[in-house]
Structures are given as C-alpha cells and as structure tokens.
Q: 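Below is the structure I would like to discuss, written out as structure tokens.
Residue numbering restarts at 1 for every chain, and letters A, B, ... go by the order of the sequence lines. These numbers come from the heavy atoms of this one structure, side chains and all, not from hydrogens, waters or symmetry mates.
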Amino acid sequence: MFLKFKNEVYSVLSIAMEKSGFKTADLVLSESPHADIASSVAFRLAPEYRQSPKNICEKIYRNITIQPDSYIDRVEMAGPYINFFASRAYLNETLLRVLLEREDFGNLDNKGKVILEHTSANPDGPLHIGHIRNSVIGDTLARILKRAGFDVETQYYINDMGRQIAVVVWGLANFKFDTTKKTDHAIAEVYINANKTLVDEKEHSPEVDGIMKQYETGNSETIKKFKDAIDTAMQGIKESLGRMNISHDKFIWESMFVRSGEVSRMIGRVKETGRAGMKDGALMVDLKNQGIQKPLVIQRSDGTSLYTTRDLAYHEWKASQCDRMIDILGADHKLISSQLKAVLRILGLKEPEIVIFEFVSLPEGSMSTRRGVFISADELLDQVEKAAYDEVNKKRPETSENFKKKVAAFVGIGAVRYDIIRVSPEKATTFDWKEALDFEKQGAPFIQYSHARACSILKNAKDEGFVFDKFDPSLLVEEQEVILIKKLASFDNVIDNSARELKPNLMAIYARELADAFNQFYRYVPVLSVEPEYRAARLALVDCSRIVLANALDTLGITAPESM
RNA sequence: GGGCUCGUGGCUUAGCCUGGAUAUAGCGCCGGGCUUCUAACCCGGAUGUCGAGGGUUCGAAUCCCUCCGGGCCCGCCA
C-alpha cells in the first residue's frame, strides 16, 4: 500500500513540477518524522535555477492538485520542504486489502528466476555459529525475494573436491567413528583427529594426496567413500538447518563440473581470451585491467583444476538457468569472489550478485573446524532453548510440559534467527553467551508475543460471539490506531527495499516496529469492551495486525505463535 | 607492507551507496504503571565532540583526503 501512496505522490509532484517549469530526475522523496512522505526537491533545483529553495518550493506547491479519493489527504509547505500526508482512503483501503490478500499482503510482482546460493559449508563437521550467519541471511533473503515476486531456487554448493574432505575420508579409515554422536559432529571428531595426526606425523600426508588424486580421476571405490563421508556429514547439517526452518532446493556437488567436462571447457575458454598466460607451467589470468593486481591461477602445473576454476564452471551453469544469481559469502571470500566476477566479465558471462557478511568470532579469537575451535549451531540452539524453557516455566507455570517445550523451541530458534538478522551483514561480531541467552531485549519473543496477543483477543472475541465481517474502518481514528495502520501499510515498502538492496536486516527492524505499534495500540485502545461498531472496527484492525505480524515473522523464518 | 571493510551514548545497533528539517532503537541505569483483551508489556527521565583532523557544499554521521584503532584477505588451499 505504501508503494501506491508513494507512486501517487510521485506523479502528483511530477505534474506540479512540470507545470511550474522545473525539471529534475530525482524528486528526493523520503519518509520523515514531519510527514508521511516529504520532498526536499527544492534544494536540488536551487543552484540550477538560481532561486531560493523556499521560492521554488512555493511555485511547485501552488501547482499541486489532489484528486478526490486520493491516498493523499493534504500537502503542506514547511520552509523548503513539501510534506505529503496520507488520507483516510489510504488507511481504509489498507485494512480492506490486508483482509482480502491475507498471507499475500505486501507481496510484489517482480518477475524472473533467481538462484540464491547460501551456507555451502564444507561437509567436514557441523555448522557453527559463523556458518549460520550465512544460512540465516541467505534463507531470509530467499523469503524476501519470493515475496517480492521472484521465482527463487536455493542451492547448497558442496565442496567435495577440497583437501579437507580427503582428510575426512583418510580419517574414517584410521580413526573410530562415534556412532552415538550426531553424524556431523562425529565426522568433525574424525576430521580433527586426522588433522592432528597429519601435523604430528608428516609421513601420512602422501596418503591424503593419493586419495585426492583417486577421487579426481574417478576411481569408483574412492568415489563411494567420499559420497558416504559427505552424506554422513550433510545428514547432520541438513538436520541443523531444518531445525532453524531452513531448507535448500538443490545440493550441487562441485565434482559434477569436473566429471562433466565443463571445467576443462572453462579452462579452454579462458585460454581463448588471450588474457591468460603460462607461468611456471600453470595457467594464469591477468586481471590488472579489472582493478585486481593479483593474477588468478586457473590451472595447476600438473594440469588439475582449482576451487575457483570449478566455481567458474558452476556459475556458468547456474547462469544458464536463471536471470539472477545471488551468492552469500563470508568476508574471507571478498578477493576470490571479485576475481571470479572479473573472469566471468572477461568471458562475457553473467556475474553473480554477492552479499558479503563479516565474521563471527569468539571472545578468544576466530573459529576453526579443523582445530576443533568453534561453537556449533546445535550447541547454541540447545542452550538457547534451555534458557527459553526456563523463561516459559517462570511466566506460564500452569501450562503443560508439552506446551512449554513447544514454546521453548520456537522462542529459542526465533531468538537466534532474529539476533543474527537484525545486525547488518557488514558488521563483524563477537559471540557472547550472555547476550545470546538474554530474552529481555526487544527481539523475536517481543514480536511473537505481540502476535500471540492479537490471536488471544480474536479468540476471546470468537468465544463471546463477536463478529466483524462488517465494519467501518473510518472509526479507527485514535492516534495509536492510525500509526498502526500506517505501519501495516508499509510492509510492501519494506519488501521492496530489502529485496532491492539485498538487506534482510530491514525486515527485522520493520517487524520490531510493527510489534511496537501494536503493543501501544493494545495498551491504550480497548477492543472487546467498547460499543459494537467500534468493537468490530478494532477487531478488524487486530486481525490485520495479526496477519501482517505473521507475514513479517514468516519472512524472517520465525514461528508466529497463537499462544506463548 | 598492499587491498577491502568496520568505528554512532556504558554496551549492542539503524541511518551512510542515492548529503537536507531536533541522529534510530534496544540493553543497562533512574522513576512510574497489572480489580482492565497474556506485564515476554506500556509510559517518563538521564546519557552522543556520529574514531580524530582537514576538505567539498547554502548544508556532512552520510561525499573526498590524511591519520588512529578493530576485522578480513593477499597459496599452483578451499
């Protein structure tokens, strides 16, 4: 709805500008504490037209005309600013649209297929708290883009050709696999032990090299060993992702591109560009004219491919089946991803859009699966759920054990997802147990609680036999009601902005603000105890709030509970 | 050493790309509110040289330069 309002402001202002004889590409519209939408376009025009901003503003203002039934109620001039205010029609239509469109309210109609790759952690152990920043950003963006209208496919790229998996395979042949542990944790244990031994006893290193070579040349027995090891790890990884409401549409194995011959074809194409040269027997691409000083090695002197080469083939393959590619990558991939894009550009291929997130570190330093220094996602979720359980137990002691467990699970997962998504990806963070287990701050439980409150009112209304299939939205004139309706209306704007800029944290902020607006309404405006016509209108507003809160939570991958 | 990035009240953080009207919110702190639809809530208060300095501009948290501090990267690893 907000987008419709904004469009109308845009066209009304454009016409007024034209009538007054001004031209500019940018109308400088923004949300403002002084208006629903404000324009500071007069400042932009001042130097070009050699008039004071205020003067220009007056001329434009005089030419503004608003149609009856417009979403714009009135326009005011405040010095050099032009302030637009939303009308009753806008508020009323918002409510009707929410009730009509329900879970689709706020969705946009963008077109196109998007392949979004996220998580893609090496299958050598469980996901840790750094990996899940990737997963949560990726999954939330996928949900946002779907609401924005795109046809989104999520992919997990499995790096099965790296040395680390060969180490796991070697380790499985030499160490005990603990079948009592969750499978990905058991793989990590083997991997950590194997690494330790390989450092202490260098003589085993050639054995790992041999395993890698066998895998690359396609030895069927070795392939089976790799597949078993990876499947074992992935089983646990998928379980952890599933626990956080995250799933992938496809799992793509890196080796696929070697075996299909696409990697060697890719090397051939790179050679043909004339940008590549042999140095010490290795094939290198010069990227200086792409702004990257470091040349990129495409093929080793022994003729084998590297990670980036295979990634090039993967991206070419992806590009052939979608309109946009989006990769979620950790900050350690900054250089490598810009090299990847540069080569794709040279080859005239489509480039991915890359969302980089900064590292999550522990107070004692960075994490490492290889060294066994990490906090797993499972451990975090277990601890958070335990803390959430204590909280429910304290707040709702009368409820059943089953209820408490259920609430603890969705509150815990919600808290973890919200905590990750609320801070923008480019911020490096240090993990802190105390903070992770703190439910007092305004996070996911706050938003979930608002939703539960809305459900509770609706349930009470139903029990009393109160209906609101007919209501007059114009009765909703309290300040808290108007603020709340405007907040509901702006859901589409948040989808649009977060999808356009690939910023999932905007949705987190919105959900919190919406919950905030609802809680204020809840506190100051009685619903059930008022005259029937007001009760009906307010019940409709509560239902709308419930719907949009649920939509926002769904976009964040967080459960919207009826009770907690 | 070079490249990229972050630096906003005690702590966490929005805004920065696309410069504009008193810099966003939470935690914590101080004070108030449950005979009223779930108090995992609401209201009020204190707290800021937007890392430092310079520049561009009518106007800078936002753009440019220098410096300081943290992170990441700089392998024929992934």
Q: Which nucleotide in the set B:A40, B:C37, B:A14 lies at the smallest distance from any side-chain heavy atom of A:N505?
A: B:A14
Q: Remember a base hit wins even if backbone is also touched, and classify A:E562 as base, sugar-phosphate or nothing at under 4.0 Å, heavy atoms.
A: base
Q: For residues 499-508 of chain A, which residue pairs qualify under salt bridge (charged side-chain N to carboxylate O under 4.0 Å, His left out), counting only residues two or more places apart or in two chains?
A: A:D496-A:R500, A:E501-A:K503
Q: Tell me what A:R500 touches on the nucleic acid: a base, only sugar-phosphate, or nothing, going by heavy atoms under 4.0 Å.
A: nothing
Q: Rounding to an integer number of Å, can you tell me how far A:K54 NZ sits from B:C58 C1'?
A: 16 Å
Q: Go through B:A40, B:C73, B:U5 for me and flag the one nearest to the A:V411 side chain.
A: B:A40
Q: NA contact type, A:S32, heavy-atom cut-off 4.0 Å: base, sugar-phosphate, or nothing?
A: base
Q: May I ask you to verify if any side-chain N or O of A:S424 is less than 4.0 angstrom from the OP1 or OP2 atom of B:A14?
A: yes
Q: Counting any heavy atom closer than 4.0 Å, what does A:V527 reach on the DNA or RNA strands: base, sugar-phosphate only, or nothing?
A: base
Q: Counting only Watson-Crick or G-U wobble pairs whose two distances fall under 3.5 Å, which nucleotide matches B:C16?
A: none
Q: Ion pair present between A:D463 and A:K459, side-chain N to carboxylate O less than 4.0 angstrom?
A: yes
Q: Please give the distance between the P atoms of B:C50 and B:U22 as a whole number of Å.
A: 16 Å
Q: For A:K294, which contact category applies under a 4.0 Å heavy-atom criterion: base, sugar-phosphate, or nothing?
A: sugar-phosphate
Q: So what does A:R523 touch, heavy atoms closer than 4.0 Å: a base, only the sugar-phosphate, or nothing?
A: sugar-phosphate
Q: By nearest nucleotide on RNA chain B, pick out whichever of A:E426 and A:N460 is the more 5' one.
A: A:E426
Q: When you get a sec, tell me which of B:U13, B:U22, B:C37 is the closest nucleotide to the side chain of A:H34?
A: B:U22
Q: Nearest to the side chain of A:R300, heavy atoms from C-beta on, is which of B:C77, B:A14, B:G71?
A: B:C77
Q: Rounded to whole angstrom units, what separation is found between the NZ atom of A:K434 and the C1' atom of B:C11?
A: 9 Å
Q: Under 4.0 Å between any heavy atoms, over every strand shown, what does A:V360 touch: base, sugar-phosphate, or nothing? Just pick one.
A: nothing
Q: Just verifying a value: how many Å separate A:I129 CD1 and A:L362 CG, rounded to the nearest 0.5 Å?
A: 5.0 Å
Q: Please measure how far the C1' atom in B:C37 lies from the corresponding atom in B:G32, and state the result in whole Å.
A: 23 Å
Q: Should the pair A:R453 and A:Y522 be classed as cation-pi, given the thresholds of under 6.0 Å to the six-membered ring centre and 45° from the axis?
A: yes
Q: Between B:U12, B:C27, B:C72, which nucleotide gets closest to the side-chain atoms of A:S366?
A: B:C72
Q: Partner of B:C67 by Watson-Crick or G-U wobble geometry, both contacts under 3.5 Å, or none?
A: B:G51
Q: Under 6.0 Å from the CD atom of A:E207, do we count more than 12 heavy atoms belonging to anything else shown?
A: yes
Q: Regarding A:E398 and A:R396, does a basic nitrogen lie under 4.0 Å from an acidic carboxylate oxygen?
A: yes
Q: Check RNA chain B against residues 277-293 of chain A and give the residues with a non-hydrogen atom under 4.0 Å, in numerical order.
A: A:K279, A:D280, A:A282
Q: Show the nearest heavy-atom pair for residues A:F518 and A:S450, with the distance to one decimal.
A: CE2-O, 3.5 Å
Q: Specify the separation, in whole Å, of atom NZ of A:K427 and atom P of B:C72.
A: 17 Å
Q: How would you label the contact of A:S563 with the nucleic acid (heavy atoms, under 4.0 Å): base, sugar-phosphate, or nothing?
A: base
Q: From the set B:A78, B:C43, B:A21, return the single nucleotide nearest to any side-chain atom of A:H333.
A: B:A78
Q: Find the distance A:R453:CZ to B:C37:C1' and express it as a whole number of Å.
A: 9 Å
Q: Per the atom types in the model, does the base of B:C37 pair as donor or acceptor with the side chain of A:S529 at under 3.5 Å?
A: no
Q: Heavy atoms only, 4.0 Å cut-off, all strands: where does A:M564 land among base, sugar-phosphate and nothing?
A: base
Q: Find the distance between CG (A:L528) and CD (A:E464) and round it off to the nearest 0.5 Å.
A: 7.5 Å
Q: If you compare all heavy atoms of A:L556 against all heavy atoms of A:A508, which two are closest, and at what distance to 0.1 Å?
A: CD2-N, 3.9 Å
Q: Looking at every strand, decide which applies to A:N83 at a 4.0 Å heavy-atom threshold: base, sugar-phosphate, or nothing.
A: base
Q: Considering only the P atoms, how many Å lie between B:U18 and B:C65, rounded to the nearest integer?
A: 14 Å
Q: Could you check how far CG of A:L514 sits from P of B:A14, rounded to whole Å?
A: 20 Å
Q: Just to be sure I understand the rule, does A:Y522 reach a base, reach only the sugar-phosphate, or reach nothing, if contact means heavy atoms closer than 4.0 Å?
A: base
Q: Which part of the nucleic acid, if any, lies within reach of A:A46 when heavy atoms closer than 4.0 Å are counted: base, sugar-phosphate only, or nothing?
A: nothing
Q: Measure from the side-chain heavy atoms of A:D516 and tell me the nearest of B:G71, B:U12, B:C42.
A: B:C42
Q: Counting heavy atoms from C-beta on, name the nucleotide in B:A25, B:C42, B:C72 closest to the side chain of A:N519.
A: B:C42
Q: Take atom C1' in B:C30 and the same atom in B:A23, then report the distance between them in whole Å.
A: 24 Å
Q: If you look at every heavy atom in A:V467 and A:A536, which pair is closest and at what distance?
A: O-CB, 4.1 Å
Q: CZ of A:F446 versus P of B:U13: gap in Å, rounded?
A: 20 Å
Q: Is it the case that the base of B:C17 and the side chain of A:E501 share a donor-acceptor contact (distance under 3.5 Å, atom types as modelled)?
A: yes
Q: What contact category does A:R396 fall into here, base, sugar-phosphate, or nothing, at under 4.0 angstrom with non-hydrogen atoms?
A: base
Q: I need the CD-P distance between A:Q520 and B:C37, as an integer number of Å.
A: 19 Å
Q: Which part of the nucleic acid, if any, lies within contact of A:L306, taking any heavy atom under 4.0 Å across all strands shown: a base, the sugar-phosphate backbone alone, or nothing?
A: sugar-phosphate
Q: Closest-nucleotide mapping onto RNA chain B: is A:T429 or A:R44 further toward the 5' terminus? I mean the 5' end.
A: A:T429
Q: B:A14, B:C72, B:A40: which one has an atom nearest the side-chain heavy atoms of A:E391?
A: B:A40
Q: Nearest to the A:S301 side chain among B:C73, B:A40, B:C76, which nucleotide is it?
A: B:C76
Q: Is the number of heavy atoms from other residues, nucleotides or ligands under 6.0 Å of A:K486 NZ greater than 12?
A: yes
Q: Could you check how far CD of A:Q339 sits from P of B:C77, rounded to whole Å?
A: 14 Å
